[in-house]
Amino acid sequence: MFESMALSCLIFLPAFFALLILSNKALTHHGFVIGLLSSAISLLLSLYIASHVPFSGEYVFQESGSWWLEGIDYRLAVDGLAASLIVLTAVIFPLCILSVQKIKKMPHMIALLLLLQTTIFGVFSAQDLVLFYLFFEASLIPMYLIIGIWGGAGRIAAGFKFFLYTLAGSLLMLVAIIYIYRQVGSTAFYDIMAYNFSFEQQKWLWLAFFSAL
């Protein structure tokens with residue numbers, strides 16, 4: 001039963017703890033401890049998931065459900081590469097939280113880091129292009145706030161440029177995703193991989209994704 005929702009738990013657990021920190025003043029004072037607790041649970045979950053990934057390259061911990069247009073679904077799964085990146089993310093974030101414990105407005109920084117962790121886990125777990133795009137774009141929000149609030153001199157301009165340039169590149173990726181959906185009738189990774197795109201189509205789609213990534 002747990003395996004059928006393990007990835008969703010991993011993805012949204014940091015966001016849940018972030019909302020706890022932001023929604024209650026009493027909990028805000030314990031933001032550092034809550035952040036470490038969240039990151040520790042995420043690390044254990046990531047290790048559990050990685051330990052169950054076979055060497056065959058098979059996708060495991062698959063989740064799916066209809067949630068929008070036909071052919072655009074909530075799909076999650078991981079293979080060995082994705083699981084490795086998830087574990088790496090889970091290892092890095094406790095170190096990030098430890099490194100910010102003495103800055104001003106520390107609980108709010110930790111909450112934003114946890115929200116960022118949710119988006120990164122989502123990017124590595126998504127098996128649908130639209131879901132991948134949503135997680136990818138959502139990561140801009142905490143990043144923009146972190147740069148704009150805690151950055152150095154010129155942080156407002158730097159945050160705005162970061163947000164603007166990344167969003168502009170992502171618009172081309174969005175156009176490519178819409179084109180793929182119109183061609184394939186689905187944005188699921190396995191449907192796209194099975195579709196026979198021409199070399200010309202592949203070239204322009206690659207350029208659109210490269211502009212964003």
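Excluded from the calculations below are hydrogen atoms, water molecules and symmetry mates; all remaining heavy atoms, backbone and side chain alike, are included.
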| OH-OG distance between Tyr144 and Ser139, expressed to the nearest 0.5 angstrom | 15.0 Å
| request: Can you spot which of Phe121, Phe61, Phe12 makes a side chain to side chain contact (heavy atoms under 4.5 Å, CB included) with Leu7? | output: Phe61
| field | Tyr181/Leu69 under side-chain contact (heavy atoms from CB on, under 4.5 Å): CA gap, chis, key distance, verdict | value | CA-CA 10 Å; Tyr181 177 70; Leu69 301 175; 3.8 Å; yes
| said: How close do Ser99 and Cys96 get, counting heavy atoms only, and between which atoms? | reply: OG-O, 2.6 Å
| request: With rounding to the nearest 0.5 Å, note down the distance linking CG in Leu19 to CZ in Phe16. | output: 8.5 Å
| remark: Taken to the nearest 0.5 Å, the spacing of Leu171 CG from Ser211 OG works out to 9.0 Å
| task | Write down the atom of Thr118, the atom of Ile11, and the distance for their closest heavy-atom approach. | result | OG1-O, 2.7 Å
| query | According to a 4.5 Å side-chain heavy-atom criterion applied to Ile, Leu, Val, Met, Phe, Trp and Tyr, with indirect links allowed, do Leu43 and Leu36 form part of one hydrophobic cluster? | reply | no
| field | Working for side-chain contact (heavy atoms from CB on, under 4.5 Å), residues Leu213 and Phe136 | value | CA-CA 10 Å; Leu213 302 175; Phe136 183 78; 3.6 Å; yes
| task | Could you check Ile41 against Leu13 for side-chain contact (heavy atoms from CB on, under 4.5 Å), going step by step and ending with a plain yes or no? | result | CA-CA 9 Å; Ile41 296 173; Leu13 181 76; 3.2 Å; yes
| In terms of heavy-atom contacts, does CD of Glu70 have more than 12 from other residues, nucleotides or ligands at under 6.0 Å? | no
| said: Ignoring hydrogens, what is the shortest heavy-atom contact between Ala77 and Gln62? Give both atom names and the distance. | reply: CB-CG, 3.7 Å
| query | Where the side chain of Ser38 meets the backbone of Ile34, is there a donor-acceptor pair that is under 3.5 Å apart? | reply | no
| message | If the test is side chain to side chain contact (heavy atoms under 4.5 Å, CB included), which one of Leu76, Val78, Ile49 qualifies with Leu10? | response | Ile49
| field | Closest non-hydrogen atom pair between Ala111 and Ala18, with its separation | value | O-CB, 3.4 Å
| Transitively linked via ILVMFWY side-chain contacts under 4.5 Å: Leu174 with Ile141? | yes
| task | Give a yes or no on whether the backbone of Arg155 and the side-chain of Trp150 come within a donor-acceptor separation of less than 3.5 Å. | result | no
| Gap separating the CZ atom of Phe132 from the CZ atom of Phe135, nearest 0.5 angstrom | 11.0 Å
| query | Can you name the closest pair of heavy atoms from Leu116 and Met143 and give their distance? | reply | CD2-SD, 3.6 Å
| Do you know which two heavy atoms are closest between Ile156 and Gly148, and how far apart they sit? | CD1-O, 3.5 Å
| task | To the nearest 0.5 angstrom, please state how far the CZ atom of Arg75 sits from the CG atom of Asp191. | result | 7.0 Å
| said: Starting from Val87, can I reach Leu44 by hopping between I/L/V/M/F/W/Y residues whose side chains sit under 4.5 Å apart? | reply: no
| Same apolar cluster (I L V M F W Y, side chains within < 4.5 Å links), Leu140/Phe124 | yes
| message | If we ignore hydrogens and angles and just use 3.5 Å, is the side chain of Ser66 paired with the main-chain N or O of Asp73 as donor and acceptor? | response | no
| message | Can you tell me how far apart CG (Asp128) and OH (Tyr190) are? Round to the nearest 0.5 Å. | response | 9.0 Å
| request: Kindly indicate, with the supporting measurements, whether the criterion side-chain contact (heavy atoms from CB on, under 4.5 Å) is fulfilled by Met173 and Ile177. | output: CA-CA 6 Å; Met173 182 166 67; Ile177 292 173; 4.1 Å; yes
| request: Answer yes if Ile103 and Leu113 sit in the same cluster of Ile, Leu, Val, Met, Phe, Trp and Tyr residues linked by side chain heavy atoms under 4.5 Å apart, and no otherwise. | output: yes
| said: Under a plain distance cut-off of 3.5 Å, with no hydrogens placed, do Tyr74 and Ser8 share a side-chain donor-acceptor pair? | reply: yes
| message | Can you classify the ring geometry of His52 versus Tyr48 as parallel (below 30°), tilted (30 to 60°) or perpendicular (above 60°)? | response | tilted
| task | List in chain and number order the residues that pass salt bridge (Lys or Arg N to Asp or Glu O under 4.0 Å) with Lys203, two or more places apart in sequence or in another chain; answer none if no residue qualifies. | result | Glu200
| Crowded around Phe160 CZ? As in, over 12 foreign heavy atoms under 6.0 Å? | no
| query | So with a 6.0 Å cut-off around CZ of Phe197, is the heavy-atom count from everything else above 12? | reply | yes
